[in-house]
4 protein chains.
Amino acid sequence: MNKSVSKDIDKKRKVFEAATRLFAQKGFDKTTVDEIAESAEVAKGTVYYYFKGKEDIFLFLVEEGIAILKTRVTDALQDNQDNTRRALQQLFAVQLGFLHEYQDVCRIVLADVWGISSRQEKLQELLNDYYLVVGTIIEQGIKEGVLYPQNSEVLCTAIFGMTVVVALHFLNKDKPVPWQEIENQLNQLFMRGVVKPV
Amino acid sequence: MNKSVSKDIDKKRKVFEAATRLFAQKGFDKTTVDEIAESAEVAKGTVYYYFKGKEDIFLFLVEEGIAILKTRVTDALQDNQDNTRRALQQLFAVQLGFLHEYQDVCRIVLADVWGISSRQEKLQELLNDYYLVVGTIIEQGIKEGVLYPQNSEVLCTAIFGMTVVVALHFLNKDKPVPWQEIENQLNQLFMRGVVKPV
Amino acid sequence: MNKSVSKDIDKKRKVFEAATRLFAQKGFDKTTVDEIAESAEVAKGTVYYYFKGKEDIFLFLVEEGIAILKTRVTDALQDNQDNTRRALQQLFAVQLGFLHEYQDVCRIVLADVWGISSRQEKLQELLNDYYLVVGTIIEQGIKEGVLYPQNSEVLCTAIFGMTVVVALHFLNKDKPVPWQEIENQLNQLFMRGVVKPV
Amino acid sequence: MNKSVSKDIDKKRKVFEAATRLFAQKGFDKTTVDEIAESAEVAKGTVYYYFKGKEDIFLFLVEEGIAILKTRVTDALQDNQDNTRRALQQLFAVQLGFLHEYQDVCRIVLADVWGISSRQEKLQELLNDYYLVVGTIIEQGIKEGVLYPQNSEVLCTAIFGMTVVVALHFLNKDKPVPWQEIENQLNQLFMRGVVKPV
DNA sequence: CATGAATGAGGCTTCATTCAT
DNA sequence: TATGAATGAAGCCTCATTCAT
């Protein structure tokens, strides 16, 4: 009985994982349900037993992904509530770590967040939720005088954008990603910019 | 004869523009050739008279887009070869301007650039070409001692990522985009970071 | 044990009744086994425990329906063997009463009886059986000189057709069906036609 | 060029005729688009080039069928406006003639007019339209004192029902249908009933 | 040059049925 | 006796592409 229960979860998870892999590789539209089923080693009907449809898998997957990122970031920021400097450093670390672990989900999100279909609307909602979390810590830093005054919306989208694009760029290459170097450099960028003072 | 030639060019351009518009609105896959033809006010066969197929329109469009961006950036950098500080400022201005003017093309490219399948490879090649241009000026700046020493690949992908994601984020909202504010803020980020010195 | 037996019967009946309801509402093909199971408040497997399949439920239901009608008509006719006039009156009364009481079954049967494929053949056989019963009384009436000489096959199918179509027409409207008026009018039609003699 | 035009019409008509045949034989739900295409000797895509979908074919077919019947009946009734007796006789003749020619459409209508899905609603609307035409002549006959006073709605549905069911019953047999005998007998039914006066 | 009728491969989804428990 | 997870055949429909004119 234990076995059957674990098996059930197995099948749903297998579908879920196969879909993530394939969506990241080929995009939502180019991925067929047949491929998902085959890659998950279940019958096509099984996909529909656990999910209402292709769209449903997508949403499930993205929601879960962003939820995890949000949780991690929230936790990290809360642990450093009294130290904005450290909080920002943690932000980079957490985002890069997430990219490392969940690069597939990130690719999916990035590929679909532009455009205007209904699917994207839901996605942007989720992402905006996430920006809010980061925005809060930034505004707090500005109020405390730790950060220069500036538009927090610009800043947190910039942070997200640079982290993600840098990471995905390196992940696309065959060489191992210099995670530590990236993290350090982004931190430096934040601490002093890139242009030396005159 | 003059008339017929201008008409021909007209039809090809109309198809091209309709495709751009639709790809940006609904994505490559969700756009049908029927729609393109209708939106361009030509018969479906005409689309195939001027382009080899849907994919062909896409490539045409993307190549042209990136070529324009590359030209603009190259020009801007060359005009400021002796002043890295100004060159970087111009880089932001040009990138943001391009996003503003060609947001349709940008959406299309960006929606497709993050996967790892075959079509994306072509795209990434084009993008890497572009990174090279930007990388050159950065390395020069480092050598000249104007920029802090750092990995130029990280920096130029970071620049690209932050610009793009910020711009598209604001373009997706209904309000007008605060282009000037964004440009200033990204410049400041580069000049001094965001964290005040202790 | 008593309890379990009564329960069993309960479940089979519940499935049967749910199926009847749904078949009448949405037709055989548009009704799914899932719906039947849900509507009967049993698991899907249970449906297959009691019936060989969807088709089996259908046949069970139709056979039972026609059998009831046949019994009622036979009884009514036998009670009036010596009075053809009354027998015909009873025929209308019984048919209309049956349509009233079993309109679900009637809809199901009637929706399927007019094709010419294999399933319908079985149905038409059952119906022909029924026609025979009615035909007998008519022929007797003719022989006795109570009815005008005529083709009994035409007459009994006409009786069936007019009764059914009239009844279902009114059942499809939202207003209450004027059963008594219909019965009287059909009787009058048989007694004197609708056209006044010149 | 003439040829191509006639060919075009040909293809649409071929689809249309194949669908009619199959719907009548196996019912709407049991008929697949593949079968329609194959039976019409066109590619599956062609079916969708001319019709929006299976439902669309159905509607087209039924609308056309009922429209023809309505026209014929209207014409016949108008030709006998001053003679209700003859008008009724013509009504039987026209209905039976229509059943003879368009038995497929009739089967389809009959099979689908019961039940309550959206498809049927449209159908019942069409049929009610038809009843109205027949109802008018009946009411006129009553007003003129040619017919016995009675509910015209009951009468015209009864006429339709008996005609159709009788005709289809005989068409289902292998023997040739005794059209003349049926027509005469139904006329007699209307002129004097079936029961001799005491 | 330009057209649009015609195609057929391929995608998404539904659902009756089976079977291990 | 009763269940419900799992299946896969089969249906409907879309759409990029071709080709005769």
Side-chain angles (χ1 to χ4, degrees), chain A residues 1 3-5 7-12 15 29-37 42-56, chain B residues 4-5 7-8 10-12 15 29-38 42-57, chain C residues 1 4-5 7-8 10-12 15 29-38 42-57, chain D residues 1 3-5 7-12 15 29-37 42-57:
Chain A
M1 205 150 265
K3 200 182 160 196
S4 87
V5 166
K7 248 191 170 174
D8 296 353
I9 298 178
D10 237 38
K11 293 233 165 140
K12 182 169 188 180
V15 169
D29 290 295
K30 290 263 189 299
T31 301
T32 70
V33 176
D34 274 275
E35 284 171 327
I36 295 174
V42 299
K44 195 169 12 172
T46 308
V47 175
Y48 286 89
Y49 186 77
Y50 287 111
F51 297 92
K52 259 198 308 215
K54 212 170 92 167
E55 200 96 328
D56 195 45
Chain B
S4 86
V5 167
K7 249 188 163 178
D8 298 353
D10 231 43
K11 292 216 170 164
K12 182 169 187 179
V15 169
D29 290 289
K30 291 259 190 304
T31 301
T32 70
V33 176
D34 274 273
E35 284 171 325
I36 295 173
E38 192 192 9
V42 299
K44 187 160 35 165
T46 308
V47 176
Y48 284 87
Y49 183 76
Y50 286 114
F51 297 91
K52 255 195 324 206
K54 211 170 88 164
E55 195 87 30
D56 194 43
I57 308 178
Chain C
M1 204 151 263
S4 87
V5 166
K7 246 187 164 178
D8 298 352
D10 231 40
K11 291 216 171 166
K12 182 168 187 180
V15 169
D29 290 290
K30 290 259 189 304
T31 301
T32 69
V33 176
D34 274 273
E35 284 171 325
I36 295 172
E38 193 192 7
V42 301
K44 187 160 36 165
T46 308
V47 175
Y48 284 88
Y49 183 76
Y50 287 112
F51 296 90
K52 253 196 325 206
K54 211 170 89 164
E55 195 86 30
D56 195 44
I57 307 179
Chain D
M1 203 152 267
K3 199 182 159 197
S4 86
V5 167
K7 247 188 168 175
D8 296 355
I9 299 177
D10 238 39
K11 292 231 166 140
K12 183 169 186 180
V15 169
D29 290 295
K30 289 264 188 298
T31 301
T32 72
V33 176
D34 274 274
E35 284 170 327
I36 295 173
V42 299
K44 195 175 4 177
T46 307
V47 175
Y48 287 91
Y49 186 77
Y50 287 110
F51 297 92
K52 264 199 307 215
K54 212 170 92 167
E55 200 96 328
D56 195 44
I57 307 178

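Computed from heavy atoms alone, side chains included, the values below leave out hydrogens, waters and symmetry copies. Naming convention: chains lettered A, B, ... in sequence-line order (proteins, then strands); numbering from 1 in each chain.
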Visitor: If you compare every side-chain N and O of C/Lys11 against the phosphate oxygens of F/dT3 (OP1, OP2), does one of them come in below 4.0 Å?
Guide: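 So the side-chain polar atoms of C/Lys11 do come within 4.0 Å of the phosphate oxygens OP1 or OP2 of F/dT3, strictly under.
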Visitor: Rounded to the Å, how far apart are C/Glu38 CD and F/dT3 P?
Guide: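 Result: 14 Å.
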Visitor: Looking at B/Thr46 and B/Tyr49, would you say the former's side chain and the latter's main chain have a donor-acceptor pair under 3.5 Å?
Guide: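 No.
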Visitor: Would you mind reading off the distance between D/Asp29 atom CG and E/dA16 atom P, rounded to a whole angstrom?
Guide: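 Computing the D/Asp29:CG to E/dA16:P distance gives 12 Å.
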Visitor: If only side-chain N and O atoms of A/Tyr48 are considered, is one of them under 4.0 Å from the OP1 or OP2 phosphate oxygen of E/dT14?
Guide: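 Answer is no, no contact under 4.0 Å.
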Visitor: Sequence neighbours left out, what passes salt bridge (Lys or Arg N to Asp or Glu O under 4.0 Å) with C/Glu55? Give chain and number order.
Guide: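 Once residues adjacent in sequence are excluded, the partners of C/Glu55 under the salt bridge (Lys or Arg N to Asp or Glu O under 4.0 Å) criterion are C/Arg119.
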Visitor: Would you check if the side chain of C/Lys54 reaches a backbone N or O of C/Thr31 as a donor-acceptor pair within less than 3.5 Å?
Guide: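 Judged by distance alone, yes, a pair lies under 3.5 Å.
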Visitor: Taking only side-chain nitrogens and oxygens of C/Lys44, does any of them come within less than 4.0 Å of OP1 or OP2 of F/dG4?
Guide: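 So the side-chain polar atoms of C/Lys44 never come under 4.0 Å of the phosphate oxygens OP1 or OP2 of F/dG4.
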Visitor: With pairs defined as Watson-Crick or G-U wobble and both distances under 3.5 angstrom, please note down DNA chain E as a dot-bracket string, | for pairing with another strand.
Guide: .||||||||||||||||||||
Visitor: Between C/Asp34 (CG) and E/dT13 (P), how many Å, whole number?
Guide: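 Taking CG of C/Asp34 and P of E/dT13, I get 17 Å after rounding.
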Visitor: I want to confirm an ordering. Mapping A/Gly53 and B/Val42 to their closest nucleotides on DNA chain E, which one lands closer to the 5' end?
Guide: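 First, find each residue's nearest nucleotide; the 5'-ward one identifies B/Val42.
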Visitor: Among E/dT7, F/dC13, E/dA16, find the nucleotide with the atom closest to the side chain of D/Val33.
Guide: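 Looking only at heavy atoms from C-beta outward on D/Val33, the closest nucleotide is F/dC13.
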Visitor: For B/Phe51, give me all partners under side-chain contact (heavy atoms from CB on, under 4.5 Å), at least two apart in sequence or on another chain.
Guide: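 Listed in chain order: B/Lys12, B/Val15, B/Phe16, B/Asp56, B/Ile57, B/Phe60.
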Visitor: Between A/Lys52 and B/Gly45, who's closer to the 5' end of DNA chain E by nearest nucleotide?
Guide: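 Looking at DNA chain E, the more 5' nearest nucleotide goes with B/Gly45.
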Visitor: For B/Thr32, report the nucleic acid contact type (base, sugar-phosphate, nothing); a contact means any heavy atom under 4.0 Å.
Guide: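 Since only primed, P, OP1 and OP2 atoms lie under 4.0 Å of B/Thr32, the category is sugar-phosphate.
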Visitor: Please pick, from E/dT7, E/dC1, F/dA2, the nucleotide with the shortest atom-to-atom distance to any side-chain atom of C/Tyr50.
Guide: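 Side chain of C/Tyr50 sits closest to F/dA2.
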Visitor: Please report the distance, rounded to the nearest Å, between CD in D/Glu55 and P in F/dC13.
Guide: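 Going from CD in D/Glu55 over to P in F/dC13 covers 8 Å.
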Visitor: CD/C/Glu38 to OG1/C/Thr32 distance, rounded to the nearest 0.5 angstrom?
Guide: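 Rounded to the nearest 0.5 Å, the CD-OG1 separation comes to 8.5 Å.
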Visitor: Between D/Thr31 and A/Val47, which is nearer to the 5' end of DNA chain F once each is assigned its nearest nucleotide?
Guide: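 In this pair, the answer is A/Val47.
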Visitor: Please report, rounded to the nearest Å, how far the C1' atom of F/dA2 is from the CG atom of C/Asp10.
Guide: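 After rounding, the reported distance stands at 14 Å.
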Visitor: Could you give me the CA-CA distance, side-chain angles and deciding distance for B/Val42 and B/Tyr50, then say whether side chain to side chain contact (heavy atoms under 4.5 Å, CB included) is met?
Guide: CA-CA 11 Å; B/Val42 299; B/Tyr50 286 114; over 6 Å; no
